[in-house]
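Numbering of ligands and ligand atoms starts at 1, following listing order.
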Amino acid sequence: MKFTSTRNPKLETGVTEALEAGLAPDGGLYVPAALPRFDAGALRTGISLPECATQVLAPFFDGSMLAGRLDAICREALNLPLPIEPLETTERDAPAWMMELFHGPTAAFKDFAARFLARSLGALRSESSPPSTVLVATSGDTGAAVAAAFHGQPGFRVVILYPEGRVSGRQAHQLGAFGDNVHAFRVEGSFDDCQRLAKQALGDPKMVERHGLTSANSISIGRLLPQISYYALAAVRLRSPEPLDVIVPTGNLGNALACILARDMGFPIRRVYLATNANRTLPEYFAGADYRGRAGLRTLANAMDVGDPSNFERLAWFYRDTNPRDVGIHAESIDDEAIKSCIRREYEMHGRIVCPHTACALELLSRLRADGHRQPALVAATAHPAKFETVIEPIIGREIALPPALEELLKRPSHAEPMAPELGALARVLE
Ligand SMILES: *Cc1c(COP(=O)(O)O)cnc(C)c1O
């Protein structure tokens, strides 16, 4: 399979080059030149995620150096629990389920794709490869997932940039707790400053060459592709008589785009609903306005505080011959008040504790049902609530138990160096 840039169809490359580069040389994002079709009926209902991913991703890796390793990469990277639990429904409603994507080492869905990317890049190294530096700007969850995925992996070091005081206490502790080949820097600035620094460094050929810089942010095609597999698995496992509608908490549009691709590859999914927080760029676009990227607003669902979703460029590319607004994608904004009341309602009515991001999706489902929506539905749950205890505990009035992996990480000492929001400061710490 060939990959091209969203900005230039003539710029063609293989999947391994696309994985290693992160961003295309013209500043565009890498996309598969064509979307393979898949016969969903050919997969067994009881198939495991690694098996499902190996089959679904095979066409993308066909003819590449990784084709023969894909099976092992998926087995090592994607062997995480993936419960799909029924949600309570009224008699008139069609069934609904919640897919818990937060049982990996850092308790958010980003573990799946970060681990896949780390194993893939690791498999591409040889004895003689120079060391690589994975540079990652994070507003919280990405940095931890990438750090956990590359921690202890020979030939790689990880440099994390996060905005001081803008991530939760537990998120900050987590970022500094890995040690070894993982270095955390608390930048005196905003997430946008961190992202700008990472982009500047990755766009500077001298710095890239000197440090073997590579990106693990959601612009990487290696973060997008593996996410297709859990939507494929859910659609196959649930064997719903009617296609599923899927509701995905959305920020940079990586997770939801993977769901859209799973549908377009042939899995029985009907509509994809993007549940955003108070950042309304996507809801306004899907309601008919021109696309207008802007600065992100701070909300309770902080991992989705994105005003200019990077994967929108990929979505526009996939639907360049039609209109993304006409292909069964809907978006709705859920504000902080609605997030809080959803967290309270879920706890009081069902004893279920959900993170603020997952709450956006559950709130959207309940609005859809109230409007007469009768399709079987799947909600993606993106993080464990214990990561956002400062938001949730005051609402539900009790402590949230930590999952074991997170507890272990939070017991370790944590260290992050301060850093000024300037390229010179980044260049110095890379040395
Ligand atoms: C990153 C993140 C999101 C947003 O995912 P995108 O792929 O950026 O749309 C949602 N929820 C949680 C918990 C996250 O960490």
- Message: For the residue pair S48 / E51, report whether a side-chain donor-acceptor contact shorter than 3.5 Å exists.
- Response: yes

Are [X] and [Y] ion-paired here, with the side-chain N under 4.0 Å from a carboxylate O?
{"X": "R75", "Y": "D71", "result": "yes"}
{"X": "E284", "Y": "R294", "result": "yes"}
{"X": "D245", "Y": "R270", "result": "yes"}

Can you give the donor-acceptor pairs under 3.5 Å from side chains of residues 175-187 to other protein atoms, not counting sequence neighbours?
{"residue": "D180", "atom": "OD2", "partner": "H151", "partner atom": "NE2", "Å": "2.7"}
{"residue": "N181", "atom": "OD1", "partner": "G152", "partner atom": "N", "Å": "3.0"}
{"residue": "N181", "atom": "ND2", "partner": "F150", "partner atom": "O", "Å": "3.0"}
{"residue": "N181", "atom": "ND2", "partner": "F156", "partner atom": "O", "Å": "3.0"}
{"residue": "R186", "atom": "NE", "partner": "A416", "partner atom": "O", "Å": "3.2"}
{"residue": "R186", "atom": "NH1", "partner": "E164", "partner atom": "OE1", "Å": "3.3"}
{"residue": "R186", "atom": "NH1", "partner": "E164", "partner atom": "OE2", "Å": "3.4"}

- Item | Validation row, ring centre F38 to ring centre F267 under 6.0 Å | yes

- Compile the protein residues with any heavy atom at a distance under 4.0 Å from an atom of ligand 1; present them by chain, then by number. F109, K110, D141, T250, G251, N252, L253, G254, N255, A303, M304, H357, T382, A383

